Amino acid sequence: QVQVVESGGGLVQPGGSLRLSCTASGDIFRINVMGWYRQPPGKLRELVATISSAGNINYVDSVKGRFTISGDNAKNTVYLQMNSPKPEDTAEYYCKQNLVRYGMVYGRDYWGRGTLVTVSS
């Protein structure tokens with residue numbers, strides 16, 4: 001069984017900083033891709049950033065230059081450093097890890113339950 005748990009959300013002022021963490025646990029053989037997604041109130045879930053085991057990184061344009069994704073494969077953990085957040089970054093942030101479990105051949109996606117980030121003064 002695999003669990004994915006996010007932490008670090010909360011209230012942050014515009015221009016401040018916040019770091020989100022996400023750790024996967026269980027019978028994990030290999031992690032392929034780790035990523036952060038968000039769902040603003042009343043809107044659809046969208047991609048924020050992803051990082052592969054090879055270190056390839058992608059960001060949605062709206063966070064480039066402000067957010068930084070990083071990963072620690074040894075700890076099955078991915079981080080999202082949020083610098084200079086804006087009110088429009090307010091959302092429920094979800095972690096997704098595509099990983100391969102022991103005894104399996106192919107990876108599949110595992111989602112966390114989300115952590116709320118509110119950007120407000």
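Everything quoted here is computed from the prediction, not taken from an experiment. Starting from 1, each residue takes its place in the sequence as its number.
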Hphob cluster co-occupancy, [X] + [Y], side-chain heavy atoms under 4.5 angstrom:
| X | Y | answer |
| --- | --- | --- |
| Leu47 | Val33 | no |
| Tyr37 | Leu80 | no |
| Val4 | Val48 | yes |

Any heavy-atom pair between the side chains of Ile51 and Asn56 that's under 4.5 Å?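 No, side chains not in contact.
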
*asked:* Are Met34 and Asn73 packed together at the side-chain level, in the sense that at least one heavy-atom pair is separated by less than 4.5 angstrom?
replied: yes

Hits for side chain to side chain contact (heavy atoms under 4.5 Å, CB included) against Ser70, two or more places apart or cross-chain, chain-then-number order -> Tyr79

Cluster membership besides Leu44, Ile/Leu/Val/Met/Phe/Trp/Tyr side chains within less than 4.5 angstrom, sorted by chain and number, is none

Of all heavy-atom pairs linking Val78 and Gln97, the shortest is CG1-NE2, 4.2 Å

Residues Thr68 and Tyr59: closest non-hydrogen pair is CA-OH, 3.3 Å

Across all chains, not counting sequence neighbours, the side-chain hydrogen bond (donor to acceptor under 3.5 Å, both in side chains) partners of Arg38 are Glu46, Ser62, Asp89, Tyr93

Between the CD1 atom in Ile69 and the CD1 atom in Ile57, the distance rounded to the nearest 0.5 Å is 7.0 Å

Would you mind writing out the side-chain donor-acceptor pairs for residues 12-24 within the sub-3.5 Å range, not counting sequence neighbours?
residue : atom : partner : partner atom : Å
Thr23   : OG1  : Thr77   : OG1          : 2.9

Those residues at least two apart in sequence (or on a different chain) that pass salt bridge (charged side-chain N to carboxylate O under 4.0 Å, His left out) with Lys86 are none

Output a table of donor-acceptor pairs, distance under 3.5 Å, between side-chain atoms of residues 102-121 and any protein atom two or more places apart or on a different chain; print 'none' if there are none.
residue : atom : partner : partner atom : Å
Asp109  : OD1  : Asn98   : ND2          : 2.8
Thr115  : OG1  : Gly9    : N            : 3.2

Is there a donor-acceptor pair under 3.5 Å between the side chain of Asp27 and the backbone N or O of Gln1?
yes

message = Here's a test for you: under side chain to side chain contact (heavy atoms under 4.5 Å, CB included), which of Lys96, Met82, Glu6 qualifies with Trp36?
response =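 For Trp36, the side chain to side chain contact (heavy atoms under 4.5 Å, CB included) check succeeds only for Glu6.
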
